[in-house]
Amino acid sequence: MTEEPEVRGRDRHHGPRRRRRITLAYSDDEFADVTAAARLAGLTPTGYVADAALSASRALDAPSLAPARAALREIMLARTQVRRFATNVNQATRQLNATGEAPVWLRHAVQLSVGTVERLDVVAAALLRDLR
């Protein structure tokens, strides 16, 4: 039998020392499901199971990084836009060096990049708020 790779994630918030323990046993498939869910939530499997059990017993939602995932998607889209802008800057610089005049589309490209950076600022602030 092969060893399972170490699963890293943050531990859940620890309050006063907990004295009660519950031992759980899973099949390989069940353990893989729990481990995958824990990774998505940014927790260790043990922390995820503990949080999920408490959430279920208190009729709350299971641990999730859904808001962070949405912010990550926004950041990745913004990254793509910034890379495109960098390509436009290179093209504009090439034309400016060759002709002495900036391309007509440069103003529009700069406006798009300013909007992208502003959106990235909003998403970063929301992500920071969610992480607190």
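Note on residues 83-94: no pairs pass salt bridge (charged side-chain N to carboxylate O under 4.0 Å, His left out), not counting sequence neighbours. Under the salt bridge (charged side-chain N to carboxylate O under 4.0 Å, His left out) criterion, the residue pairs touching residues 110-126 are Glu74-Arg119, with sequence neighbours excluded.
Val49 places a side-chain heavy atom less than 4.5 Å from the side chain of Tyr26.
Taking OG1 of Thr80 as the reference point, atom CD1 of Ile75 lies at 12.0 Å (rounded to 0.5 Å).
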For residues 98-117, please give each side-chain donor-acceptor pair under 3.5 Å, one per line with the distance, not counting sequence neighbours.
| from | atom 1 | to | atom 2 | distance (Å) |
| --- | --- | --- | --- | --- |
| Thr99 | OG1 | Gln95 | O | 2.8 |
| Thr99 | OG1 | Glu101 | N | 3.2 |
| Thr99 | OG1 | Glu101 | O | 3.2 |
| Ser113 | OG | Val110 | O | 2.7 |
| Thr116 | OG1 | Leu112 | O | 3.0 |

